[in-house]
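Quick caveat: nothing in here was measured; it's all calculated off a predicted structure. Letters A, B, ... mirror the listed sequences (proteins, then strands); counts begin at 1.
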Amino acid sequence: MADINPRRLVRVHPERVTDVSSTDFPGHYPGEDHSWDHKLFKKNLKLSVKRLSQRSIEFDLVGVDASIANAFRRIMIAEVPTICIEEVYVWNNTSVIQDEVVAQRLGLIPLNVDPDLFETRGVNDSATDRNTLVFKLNVACTKKPNVPAGTIDAEKLYENSTVTAGHLEWVPQGEQEELQAFKIKPPASTNPNIVIAKLRPGQEMEMELHCIKNVGKEHAKWSPVATASYRLLPHITLYPKTSFNTQLKRIPPEHADKFASCFSPGVIRVDPVTKAVSVDPKGVRGETMSREVFRHPEFTDCFGLGRVRDWFMFTVESEGPYAPEDIFPASIRVMRSKIANLKKATERLMGMTESDEPQQDTTEDVQMADT
Amino acid sequence: MAEIPKIEVMKGASADLSAATYRIYDESHTMGNALRWMLMKNPKVEFCGYSAPHPSENAIQLRIQMYDSESSLTALHAALAQLDTLCATIDDAYSKSLNEDKFERWVEES
């Protein structure tokens, strides 16, 4: 497998993990710079998409610090906006599910509406066609006529015995009907088969549902992802390399197959003739880091186990309006708007400190704290 | 009620702001850790650390100490600008990979 600078390795031992923190800071290594260098960053940055489906994406982000990778992960989960049902006006609900429970269930339904079409509604703002999307849910269960005697299947016996997300009916407000995006793709649930409630003849639900734009940190229903996570690339060092400043020993050929079986399938390749052991560069991505290999004394000093500290293998599963490949760029946009926001506040603070303003000018947006 | 400032300098900062703790509202570990890392990449920064003091306070505190009485505010401003270029670079690399690389496309059953 490709050579990795030992400084990039997090080392895994039988009962502890060492070299966890990154060391690429000025002053860490004598005589080395390590200050921010955009050109060097650009050179070392490797981003490659590995797999893409209509629901999920896997990509490698290599050459960034954990703080940056983690910021994007956190933003994808908690700060990329979506639109969800927030207010439920129940006009009639004679189902067995209580109003508040059904309201909670409705809130969790993912909608296919592009959040860029909407504005965020503030706490004191009134609902307009720019910030609120309205659905109605109007379902009554009835007996189907002429059902053969002895039928027990509720679907055959009754009309609307199951209320699903497909029953949500969009009620266009103001200019929403004219919107080209809505003409192409009318607002609805991303999955019409989500069960909301079950009804029996005589029971009905009549509700008006208001949807607003918000982010996952307010409530997880606004999170655009099912999961957004990363793993560090596992790394196995073998003879003739060195590990922990000691020369590694060769894996005894008679134990080669046993060595391979200590790792996940496909991680270690064993030459069928020479019994020479090597690491499969693709297979190593699937290593579960079970550390089974440490249990066998015959492999002592034969290998080094670790992870690459700046090699992030992201998995993002979309659950909502975004295509999986659009969520990461959306998180970058959110990050940049946060930065722009902070930069503006910093500039205001700089202007204030330079002009010798009194420190307690409360009319300014940025002020010196008095606590 | 006066609007809460996005950033304020906390009590105890030195007059030239060479050592100061900033209280940043409506931010979390997301910005805190990223900013701390970028500030520590600056050789003029002697110390940088952040904390999220309490889960019920919607703010983080960022401590910056500078060498040679330089302004920590200038360093903070520079770090933000550098973070922005970093984001732009990652964005470009991502769209390049998505548009040009050959990768596996598959259909996921739901």
Side-chain angles (χ1 to χ4, degrees), chain A residues 22 24-27 33-36 38 41-42 45-56 59 61 64-68 70-72 74-75 78-79 191 217 325 328-329 332-333 335-336 338-350 353 362 364-371, chain B residues 2-3 5-11 13 17 22-38 40-46 71 73-74 76-98 101 103-110:
Chain A
S22 47
D24 53 344
F25 297 110
D33 183 17
H34 291 296
S35 58
W36 170 249
H38 180 238
F41 172 79
K42 202 168 175 178
L45 178 74
K46 282 195 190 72
L47 212 158
S48 66
V49 178
K50 295 289 173 197
R51 280 179 104 209
L52 175 67
S53 82
Q54 82 285 14
R55 294 170 59 87
S56 67
F59 61 92
L61 178 58
V64 302
D65 189 72
S67 58
I68 305 299
N70 196 39
F72 290 130
R74 285 173 64 98
I75 290 173
E79 296 187 57
N191 181 349
K217 64 179 174 182
E325 65 269 28
F328 186 66
I332 296 176
R333 280 200 300 278
M335 179 83 171
R336 293 188 74 178
K338 285 161 83 81
I339 292 168
N341 208 348
L342 270 175
K343 219 164 138 189
K344 227 183 273 168
T346 312
E347 276 154 16
R348 256 183 247 134
L349 200 57
M350 286 166 112
T353 47
T362 47
E364 280 288 323
D365 189 25
V366 174
Q367 66 189 59
M368 301 289 260
D370 42 41
T371 47
Chain B
E3 203 174 297
K6 183 74 180 168
I7 304 180
E8 61 183 16
V9 181
M10 294 182 75
K11 199 176 153 186
L17 287 183
Y22 297 89
R23 197 170 161 81
I24 306 173
Y25 286 90
D26 203 19
E27 292 298 347
S28 61
H29 295 281
T30 307
M31 279 311 288
N33 201 8
L35 258 182
R36 185 202 72 110
W37 176 76
M38 191 49 100
M40 282 178 67
K41 280 293 224 181
N42 184 343
K44 290 171 188 162
V45 172
E46 180 193 26
S71 165
L73 199 53
T74 317
L76 177 62
H77 189 259
L80 285 164
Q82 287 160 357
L83 264 187
D84 196 54
T85 56
L86 178 147
C87 287
T89 310
I90 294 179
D91 201 2
D92 291 347
Y94 180 83
S95 30
K96 188 164 181 276
S97 172
L98 194 66
D101 286 3
F103 48 84
E104 183 191 344
R105 288 172 189 267
W106 58 298
V107 175
E108 197 168 352
E109 302 294 329
S110 58

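- Here B:His77 is the residue among B:His77, B:Lys96, B:Arg23 with the most heavy-atom pairs under 4.5 Å with chain A.
- When each of B:Ile24, B:Asn33, B:Leu73 is checked for heavy-atom pairs under 4.5 Å with chain A, B:Leu73 comes out on top.
- Ring orientation note: the planes of A:Trp36 and B:Trp37 are nearly perpendicular, at an angle over 60° on the 30°/60° scale.
- Using a 4.5 Å cut-off between heavy atoms, B:Leu86 touches chain A through backbone and side chain atoms alike.
- A:His38 and B:Gln82 share no side-chain donor-acceptor pair at under 3.5 Å.
- Taking A:Lys338, A:Glu347, A:Arg74 one by one and counting their heavy-atom pairs under 4.5 Å with chain B, the maximum is reached by A:Arg74.
- Considering every non-hydrogen atom in both B:Phe103 and A:Val49, the closest pair reads CB-O, 3.3 Å.
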Practice task
Evaluate the side chain to side chain contact (heavy atoms under 4.5 Å, CB included) criterion for residues A:Ile68 and B:Leu83: first the C-alpha distance (whole Å), next the side-chain angles of each, then the deciding distance (0.1 Å), finally the verdict.
Solution key: CA-CA 9 Å; A:Ile68 305 299; B:Leu83 264 187; 3.7 Å; yes
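- For A:Lys217, the part lying near chain B is the side chain, with the backbone staying farther off; criterion is any non-hydrogen pair under 4.5 Å.
- Within the 3.5 Å criterion, the main-chain N or O of A:Leu61 finds no donor-acceptor partner in the side chain of B:Tyr94.
- Neither the backbone nor the side chain of B:Ala79 has a heavy atom closer than 4.5 Å to any heavy atom of chain A.
- When the candidates A:Lys42, A:His34, A:Glu325, A:Lys46 are compared by the number of heavy-atom contacts under 4.5 Å with chain B, A:Glu325 comes out ahead.
- Proximity to chain A is absent for every atom of B:Ser95, based on heavy atoms less than 4.5 angstrom apart.
- Of the listed residues (A:Arg333, A:Lys50, A:Glu79, A:Met335), the one with the most heavy-atom contacts under 4.5 Å to chain B is A:Lys50.
- The two atoms that bring A:Leu47 and B:Ser97 nearest to each other are O-CB, 3.2 Å, heavy atoms only.
- Shortest non-hydrogen contact noted between A:Ser48 and B:Asp101 is CB-OD2, 3.9 Å.
- Between A:Pro26 and B:Asn42, the closest side-chain pair of non-hydrogen atoms is not below 4.5 Å.
- Counting heavy atoms from C-beta on, the side chains of B:Asp26 and A:Asn341 never come closer than 4.5 Å.
- Both the backbone and the side chain of A:Lys343 come within less than 4.5 Å of a heavy atom of chain B.
- For B:Met31, the part lying under 4.5 angstrom from a heavy atom of chain A is the side chain only.
- With a 4.5 angstrom heavy-atom cutoff, A:Leu52 touches chain B via backbone and side-chain atoms both.
- Both the backbone and the side chain of B:Asp84 come within less than 4.5 Å of a heavy atom of chain A.
- No option in B:Arg105, B:Glu109, B:Glu108 other than B:Glu108 meets the side-chain hydrogen bond (donor to acceptor under 3.5 Å, both in side chains) test with A:Ser53.
- Looking at A:Thr346 and B:Tyr22, their side chains never come closer than 4.5 Å, going by heavy atoms from C-beta outward.
- Salt bridge status for A:Asp24 with B:Lys41: present, with a side-chain N to carboxylate O gap under 4.0 Å.
- Taking 4.5 Å as the limit, every side-chain heavy atom of A:Phe59 sits out of range of all side-chain heavy atoms of B:Leu98.
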